[in-house]
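Just below is one structure, and these are the notes that go with it.
Keep in mind that this is a model prediction, so the values were computed, not measured.
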Amino acid sequence: MSGTLRLFIAAEPPAAVCDELVAWTRRAAGRGAQMRRLEADALHITLCFLGEQPSAFLAEIGAVLTAASELAASVDELYVGAPAWLPPRRPRVLAVEVGDAGGSLRDLHATLSRELAEAIGWEPPRQRFRPHITIARMRPGDERARELPPTPSLGFRPTAVTLLRSDLDPAGARYTALASIGC
């Protein structure tokens, strides 16, 4: 691969959790909703969105990911929280918050951010880390629903932390796993 790649690192929820969230989204959005619901295999928790990066950095990014494998394996149980429109003022996505009571996911995010900054010169965003799973995208001009039913009560541990390539397409982003570590 040459040139630049649109990259991010994400924690992957178990398939059963993703399936439950897809089913909840269908019920919450209702028929005729103008939002584009994501499929189960597209659901993830973004830990570090790297944006466009030279493909020459793949080895360094992979090394940072591998070095974080012990920390990734120690992520405590997470839980699905309340639905959230993001960003709040002019929402473009419907997401569910991810609870991290022990702070281990935040620790993983902080470590990856620090190590990626050192390895490839990446500058992490200034806003605080807000773990969530995007479950639907709004189409331009859509109104957000006022009331959403409670999310399912789900606890889980990530199954993997993965470096993903994101290819944008009018039908939605397509993700390709480039490197992964089990949790």
Only distances under 3.5 Å count here; give the side-chain donor-acceptor pairs of residues 113-128 to other protein atoms, sequence neighbours excluded, each with its distance to 0.1 Å.
unit_1, atom_1, unit_2, atom_2, d
Ser113, OG, His109, O, 2.9
Trp122, NE1, Phe49, O, 3.4

Could you give the side-chain donor-acceptor pairs of residues 168-183 under 3.5 Å, partners two or more places apart or in another chain?
unit_1, atom_1, unit_2, atom_2, d
Asp169, OD2, Ala171, N, 2.9
Ser180, OG, Thr162, OG1, 2.9

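With Arg27 contributing its side chain and Val22 its backbone, the two residues share no donor-acceptor pair below 3.5 Å. At least one donor-acceptor pair closer than 3.5 Å links the side chain of Asp100 to the backbone N or O of Ser104. Judged purely by atom type and a 3.5 angstrom limit, Trp24 uses its side chain to pair as donor or acceptor with the backbone of Pro150.
Between atom CG of residue Leu5 and atom CG of residue Leu58 there is a gap of 5.5 Å, rounded to the nearest 0.5 Å. Going from atom CG of Leu43 over to atom CD1 of Ile133 covers 6.5 Å, rounded to the nearest 0.5 Å.
Residues Leu94 and Pro83 approach most closely at CD1-CB, 4.3 Å, considering heavy atoms. Heavy-atom minimum distance, Leu154 versus Glu20: CD1-CB, 3.7 Å. Taking all atoms of both residues into account, the shortest heavy-atom contact from Leu112 to Ala68 is CD2-CB, 3.8 Å. The heavy-atom pair separating Phe8 from Thr46 by the smallest distance is CD1-OG1, 4.1 Å. For Leu50 against Gln53, the heavy-atom pair with the smallest separation is O-NE2, 2.8 Å. Residues Gly81 and Thr151 approach most closely at O-OG1, 2.6 Å, considering heavy atoms.
Arg157 CZ: more than 12 foreign heavy atoms inside a 6.0 Å radius.
Put simply, Ile135 and Leu164 are part of two different groups of oily side chains (I, L, V, M, F, W, Y) that touch within less than 4.5 Å, one to the next.
Residues meeting the side chain to side chain donor-acceptor pair (under 3.5 Å) test with Ser166, sequence neighbours left out: Arg6. Taking Arg130 as the reference, Glu97 meet the salt bridge (charged side-chain N to carboxylate O under 4.0 Å, His left out) condition, with sequence neighbours excluded. Taking the side chain to side chain contact (heavy atoms under 4.5 Å, CB included) definition, one finds that Pro14 meets it with Val17, Phe156, Thr159, sequence neighbours left out.
Side-chain contact between His132 and Leu86: present, with at least one pair of heavy atoms (C-beta onward) separated by less than 4.5 Å.
Residues in residues 70-81 take part in no side-chain hydrogen bond (donor to acceptor under 3.5 Å, both in side chains) pair, two or more places apart or across chains.
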